[in-house]
Q: 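What follows is a single structure, and I will ask about it in a moment.
So you know, we letter chains A, B, ... as the sequences are listed, proteins then strands, and number each from 1.
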Amino acid sequence: MKELPKIYEPQKVENEIYARWEKSGFFAPENLKNTSGNYCNILPPPNANGELHIGHASGYTVMDIFGRYARMNGKKTLLLPGKDHAGIQTQVVFEKKLQAELGLSRQEIGREDFYKKTYAFCIDRANYMRSQEKKIGISADWSREKFTLDPDVLKTALETFVKMHEDGLIYKGKRIINWCPRCGTALSDVEVLHKETPGKLYFIKYPIENSNEFITVATTRPETMLGDTAVAVNPKDKRYLKLVGKNVVLPLQNTIIPIIADKRIDLSFGTGAVKITPSHDPLDWEIGKDHKLDEIQIIDEKSLITELGGKYAGLTTHEAREEIVKDLEKLNLLEKIEEMTHSVSICERCKTIIEPLTSSQWFINVDAKNFSLKKKAIEAIKKNEIEIFPNNFQKILIDWFDNMRDWCISRQIWWGPQFPVWYCENCGQEKYIVSLEKPTTCPHCQGKKLTRDENTFDTWFTSGQWAYTTLKSKEKDFETFYPTNTMVMGRDLLFFWSSRMIMMSLYTTGKIPFKNLFFTGLVLDKDGHKFSKSRGNGIDPLTVIEKFGADALRMSLIMDSAPGQNSRLYEEKIETFRNFANKLWNISRYCLSQENFKLVEEISKEDINSEADRWITDSLNELIGKTNQLFESKQISVAADLLKTFTWNSFADGYIEAQKIEKNDKMLGYVLDKLLKLWHPFIPFVTEHIWTLAGEKELLMISEWPAYEENKQAKTSSYFPFVLSLNKTIRNVRKEKNIESAKKIELWVETTSELSKKVISNNADFIKKSAGVSVIKFNEILIGDFIQRVVGECIIKIPLDGLVDVEKEKNKAEKEIANLEKFIAGSAARLGNKEFVSKAPEQVISQQKETLAKKQVELAELKKHLASLQ
RNA sequence: GGGUGAUUAGCUCAGUUGGCUAGAGCACUUCUCUUACAAAGAAGGGGUCACUGGUUCGAGUCCAGUAUCACCCACCA
């Protein structure tokens with residue numbers, strides 16, 4: 001056996017290990033042998049415009065852990081990777097790049113060229129990101145990797161548009177939408193953020209027609225009054241009841257507009273009277289529609305006042321506001337201005353203030369009569385067809401669907417798939433043709449001059465179909481793997497993505513897209529802040545991997561966190577897992593250094609010789625059972641924690657130390673074999689590396705997951721822990737009395753328990769060696785100074801002439817007696833309680849009785865001890 | 001305005017059908033370079049599980065309310 005380095009160096013082996021996995025072909029499901037059942041996770045496609053960040057790494061780790069677990073459990077496993085073209089975001093990123101590097105705007109290079117260049121940019125980024133994904137260790141099938149703009153993927157997505165249009169779920173209409181003046185496009189509701197901003201509330205007096213009276217309205221945006229077509233009050237508002245039905249003269253515009261009543265008006269806000277601007281406010285637009293009010297668009301798509309704004313035409317909204325306020329003051333129509341904070345809508349991507357506008361856009365009717373997307377989704381979720389982790393997100397999602405409004409899917413950007421919609425020069429915009437291919441003639445007038453709709457799709461329209469557009473690249477994959485098993489995503493994508501996938505999939509395939517939906521929380525920095533460029537607190541996954549190894553990164557991302565909960569990442573934390581990988585490495589190094597060591601899959605009864613052997617095999621079996629359970633309930637961080645405790649405390653500190661005295665190489669090989677397998681999903685690199693060093697030819701990645709023996713008796717497994725606690729007690733005494741490690745001590749045991757005696761005798765060598773004991777005596781009379789402790793049913797005495805501090809010993813004993821008495825009192829009271837005895841499960845009662853008996857023995861011994869000290 | 005989550009050791013957090021004299025890692029104290037590992041080993045200190053009630057034989061765990069923090073949603077003109 002060649003000399004192995006003392007310290008595990010992931011940097012030197014990870015790339016090579018990944019290359020072996022890839023070369024083996026086992027990332028592709030069809031190459032896996034003896035499979036039963038399928039497992040599929042379509043990986044969320046990251047935006048192909050940058051690089052991986054720690055959030056991606058977090059999700060990928062979770063997916064890979066589940067994927068590797070499934071593969072080792074004999075499932076035909078497919079993790080399908082991909083990239084997203086990410087419409088608006090990529091356009092924003094690439095426009096900046098274009099400006100910075102070439103000083104050009106997209107308009108200057110033109111739509112076609114811009115598209116080509118952006119495409120090339122995305123492909124380039126995708127290649128780079130793929131190399132990052134491999135570094136993390138994702139066992140994905142790269143031969144199936146997809147891009148949202150791949151022709152086959154896109155075709156499936158666009159076919160959905162055609163079908164939805166045929167089914168009447170798509171309509172084009174002039175409605176109020178969120179307009180980003182910087183991006184120059186409409187946005188859906190979820191792409192708009194709200195920010196609390198200080199502002200002013202202007203109280204403006206509107207003169208009532210043919211009267212000297214006024215009605216005062218309050219607004220934060222006085223400039224929109226140019227487009228007012230009504231003033232509304234609540235029908236229950238007694239203050240204004242008599243004014244309903246009358247008209248007011250709209251100041252500055254001098255038009256006559258009505259006073260209407262609408263129950264959506266809040267009596268308590270402002271003056272209770274609201275100016276209605278249907279063209280520039282969502283609520284006003286709805287009220288306007290219901291009351292058949294005119295829509296006057298006075299702000300254009302560049303945030304400038306239109307011709308309809310009279311003398312203010314051409315001003316920016318900001319300039320117009322100042323002018324209007326001045327003019328109102330001159331007319332003595334401005335009653336007052338109050339300071340207030342209100343929430344302002346901003347663009348999710350570029351943070352520009354959103355301008356609500358009426359505009360002609362394409363929408364999906366999410367609540368159509370023949371197929372209500374939202375109702376179908378709610379139904380599926382309520383029926384638990386999709387299990388959501390954490391479970392409480394179910395309610396949040398249902399509430400969101402309940403309130404979902406029609407989905408605006410058209411964007412006026414250049415980057416993204418264009419609508420498969422055509423217009424004929426003769427027939428105009430009203431009579432459009434929906435068709436994947438460009439029609440040769442207009443079906444209405446046979447005209448031949450056809451142009452394509454310039455709109456591009458909302459990114460979420462294509463990524464919302466990702467679960468099946470990817471699989472449909474190979475029809476057989478779709479049949480085999482759909483619906484998929486697991487979907488993992490960040491909680492920030494709850495509304496953006498999970499919701500859309502559920503709706504779109506139910507519509508197109510009639511089935512849910514995935515059976516399990518697992519949300520990861522946000523990864524935050526040490527102080528709980530989000531990672532951001534402006535804060536400069538980013539942690540680059542590759543830097544971490546270079547410094548600590550991919551396994552350490554993976555562990556630090558999934559530990560200390562429950563589904564949907566945020567977690568914090570910082571170097572000290574990553575370091576502890578680097579240390580763990582090194583511990584496992586050294587455990588293995590020790591095992592490998594043993595003479596006839598090899599990994600063993602099975603052991604027989606004859607291989608179990610000592611208390612320690614029995615204990616470790618029983619505990620290992622129990623560990624496997626618990627790990628399986630935890631995997632099933634998706635509690636991977638708890639599972640990893642359990643594995644860690646077993647590996648470090650039970651195996652390394654307990655078993656291996658004992659095994660040094662009573663050798664059993666076969667047992668070492670057995671436990672290590674199982675541990676490498678159990679650990680593999682979490683820390684695939686170091687486990688695969690050790691596996692190979694141990695002489696295995698097949699890859700650990702496709703080895704069989706350890707079997708749990710359900711009916712295994714574990715009666716004797718508590719004997720060895722008793723030996724360990726005996727050891728600990730002796731060491732504690734040594735420590736307390738400052739006995740140098742070279743000095744041997746005697747151990748006098750007093751016990752009536754034959755079993756305890758037997759267990760101690762059986763493990764005498766181990767106790768002697770590891771606790772520095774020269775001789776063990778049973779039930780003999782000891783004369784002279786000694787320290788006494790109680791362990792289980794034994795009193796142990798350690799003769800120490802001149803070292804015993806009687807006062808200290810007394811104090812210690814008294815304190816312990818008080819503790820025990822308190823516990824015994826409580827326990828006895830419980831057992832004396834008829835209700836407890838009749839209602840608690842048998843197991844709890846017997847356990848309670850057992851503990852009580854033990855503690856009573858201890859107490860009696862301690863009291864004897866105390867008496868002897870008097 | 002509505003909702004969700006959090007509140008457990010100095011710090012970061014686990015604790016999923018209620019059975020716990022409440023756990024881990026880091027940090028801390030003391031000792032040890034003992035032939036797998038100082039990125040380690042050994043021993044130890046540290047918590048009325050935010051608060052108030054309730055249900056229960058039994059509550060960190062379930063219910064109701066309160067407080068603080070965080071996040072999300074919203075058509076607050």
Side-chain angles (χ1 to χ4, degrees), chain A residues 4 6-8 176 189-190 194 201 217-221 224 232 264-266 268-271 273-277 281-287 340-343 356 390-393 395-396 399-400 403 405 491-492 494-495 521-522 526 528 548 559-562 564-568 570 572-573 575-594 630 633 635 637-638 641 644-645 652-653 656-657 660 728 731-736 738 740-742 770 819-820 822-823 826-827 829-830 833-841 843-845 847-848 851 855:
Chain A
L4 298 175
K6 273 189 172 187
I7 286 175
Y8 171 59
I176 192 143
D189 292 338
V190 285
H194 301 275
L201 188 60
V217 299
T219 180
T220 53
R221 301 193 58 193
T224 61
R264 283 165 285 196
I265 304 303
D266 180 357
S268 60
F269 189 90
T271 60
V274 186
K275 56 188 273 318
I276 300 297
T277 323
D281 182 277
L283 178 62
D284 291 4
W285 188 79
E286 299 216 344
I287 292 175
M340 71 169 303
T341 58
H342 63 131
S343 94
N391 191 248
N392 62 294
F393 279 32
K395 195 174 161 287
I396 300 175
D399 286 350
W400 186 83
N403 297 315
R405 299 191 298 175
R491 58 183 294 169
D492 51 328
L494 181 66
F495 305 135
L522 259 46
K526 195 173 185 179
F548 299 106
M559 289 301 288
D560 296 341
S561 94
Q565 289 300 332
N566 295 345
S567 69
R568 300 186 187 192
Y570 40 91
E572 297 93 308
K573 187 164 164 182
E575 218 175 274
T576 66
F577 294 109
R578 186 264 324 252
N579 293 357
F580 175 73
N582 190 50
K583 183 73 186 181
L584 187 64
W585 169 252
N586 274 297
I587 288 169
S588 310
R589 216 157 66 89
Y590 172 76
C591 293
L592 289 167
S593 71
Q594 302 307 299
L630 290 167
S633 58
Q635 294 175 269
S637 82
V638 184
D641 194 48
K644 190 171 164 228
T645 307
D653 297 343
I656 289 182
E657 290 309 317
K660 284 177 180 171
K728 198 168 188 167
R731 285 170 177 171
N732 183 7
V733 172
R734 298 185 67 109
K735 189 93 185 173
E736 247 177 69
N738 268 325
E740 55 191 81
S741 54
S770 80
N819 248 343
L820 274 172
K822 200 175 145 199
F823 176 76
S827 180
R830 213 168 307 155
N833 187 329
K834 274 182 197 161
E835 299 265 25
F836 174 71
V837 177
S838 63
K839 285 178 185 169
Q843 202 197 343
V844 174
I845 296 171
Q847 200 186 323
Q848 189 75 231
T851 321
K855 296 290 169 186

Q: Would you please confirm or rule out a distance under 4.0 Å between OP1 or OP2 of B/G19 and any side-chain N or O of A/R830?
A: no
Q: Distance check: side-chain N/O of A/R568 vs OP1/OP2 of B/U12, anything under 4.0 Å?
A: yes
Q: In this structure, how many angstroms lie between the P atom of B/G41 and the NZ atom of A/K735, rounded?
A: 14 Å
Q: Looking only at atom P, what distance separates B/C62 and B/U8, rounded to whole Å?
A: 16 Å
Q: Rounded to the Å, how far apart are A/F823 CZ and B/C20 P?
A: 10 Å
Q: Out of B/A43, B/U12, B/A36, which has the shortest distance to the side chain of A/I587?
A: B/A36
Q: Suppose you measure atom C1' in B/C72 against the same atom in B/U16; what distance do you get, rounded to whole Å?
A: 24 Å
Q: Any N or O donor-acceptor pair linking the side chain of A/R578 to the base of B/A39 at under 3.5 Å?
A: yes
Q: Verify the contact: side-chain N or O of A/N403 to OP1 or OP2 of B/A74, cut-off strictly under 4.0 Å; return yes or no.
A: no
Q: Between B/C69 and B/A22, how far is it from one C1' atom to the other, in whole Å?
A: 24 Å
Q: Report the base-pairing partner of B/U17 (Watson-Crick or G-U wobble, both distances below 3.5 angstrom), or none.
A: none
Q: Do A/I287 and A/I265 come close enough that some side-chain heavy atom pair is under 4.5 Å?
A: yes
Q: Mind checking the C1' distance from B/U21 to B/U29? Whole angstroms is fine.
A: 25 Å
Q: If you round to the nearest 0.5 Å, how far is CZ of A/F548 from NZ of A/K573?
A: 13.5 Å
Q: On RNA chain B, check which nucleotide each of A/T576 and A/N833 is closest to and give me the residue with the more 5' one.
A: A/T576
Q: Would you say A/K275 reaches B/A77's phosphate, i.e. side-chain N/O to OP1/OP2 under 4.0 Å?
A: no
Q: For the side chain of A/R731, counting heavy atoms from C-beta on, which of B/A14, B/C37, B/A43 is nearest?
A: B/A43
Q: Given B/U56, B/C73, B/U12, which nucleotide is nearest the side-chain atoms of A/F495?
A: B/C73
Q: Can a donor-acceptor pair under 3.5 Å be found between the side-chain atoms of A/E657 and the base atoms of B/A36?
A: yes
Q: Sticking with atom C1', work out how far B/A50 lies from B/U7, rounded to a whole angstrom.
A: 6 Å
Q: Looking only at the side chain of A/Q565 (C-beta and beyond, no hydrogens), which of the listed nucleotides B/A14, B/A42, B/A36 gets closest?
A: B/A14
Q: Side chain of A/N732 only, please: which of B/A77, B/G19, B/A43 is the nearest?
A: B/A43
Q: May I ask you to evaluate whether A/N392 reaches the phosphate of B/G5, defined as a side-chain N or O under 4.0 Å from OP1 or OP2?
A: yes
Q: Can you tell me which nucleotide in B/A36, B/U12, B/C76 comes closest to the side chain of A/Y570?
A: B/U12
Q: To the nearest angstrom, how far is A/F580 atom CZ from B/C26 atom P?
A: 13 Å
Q: Out of B/U21, B/A77, B/C26, which nucleotide sits closest to the side chain of A/L820?
A: B/U21
Q: Does the base of B/A36 carry an N or O that pairs as donor and acceptor with the side chain of A/K660 under 3.5 Å?
A: yes
Q: To the nearest angstrom, how far is A/D284 atom CG from B/C76 atom C1'?
A: 13 Å
Q: Using the C1' atoms only, state how far B/A40 lies from B/A36, rounded to an integer number of Å.
A: 10 Å
Q: Is A/T851 touching bases, backbone alone, or none of the nucleic acid, heavy atoms closer than 4.0 Å?
A: nothing
Q: Give the nucleotide from the list B/C57, B/C20, B/C37 with an atom nearest to the side chain of A/Q847.
A: B/C20
Q: Using only heavy-atom distances, decide whether a donor-acceptor pair under 3.5 angstrom links the side-chain of A/K395 to the base of B/U4.
A: no
Q: With a 4.0 Å cutoff (strictly under), does any side-chain N or O of A/K583 reach OP1 or OP2 of B/A36?
A: no
Q: Could you identify the nucleotide paired to B/G47, looking across every strand shown and requiring Watson-Crick or G-U wobble geometry with both distances under 3.5 Å?
A: none
Q: Counting Watson-Crick and G-U wobble pairs only, both distances under 3.5 Å, name the nucleotide matched with B/A77, or none.
A: none
Q: Considering only the C1' atoms, how many Å lie between B/G45 and B/A9, rounded to the nearest integer?
A: 11 Å
Q: What does B/U61 pair with, Watson-Crick or G-U, if both distances are under 3.5 Å?
A: none
Q: Answer yes or no: does a side-chain N or O of A/K6 lie under 4.0 Å from OP1 or OP2 of B/A38?
A: yes
Q: Is the distance from OP1 or OP2 of B/A74 to the nearest side-chain N or O of A/H194 less than 4.0 Å?
A: yes
Q: To the side chain of A/T219, which of B/U4, B/A40, B/A77 is closest?
A: B/A77
Q: Kindly confirm whether the side-chain ring of A/F836 is stacked on the base of B/C57, judged by centres under 5.5 Å and planes under 30°.
A: no
Q: Take A/D641 and A/M559, find for each the nucleotide of RNA chain B with the closest heavy atom, and name the residue whose nucleotide sits nearer the 5' end.
A: A/M559
Q: Which nucleotide, B/A42, B/A36, B/G19, lies nearest any side-chain atom of A/P841?
A: B/G19
Q: Less than 4.0 angstrom between a side-chain N/O of A/N566 and OP1 or OP2 of B/A6, yes or no?
A: no
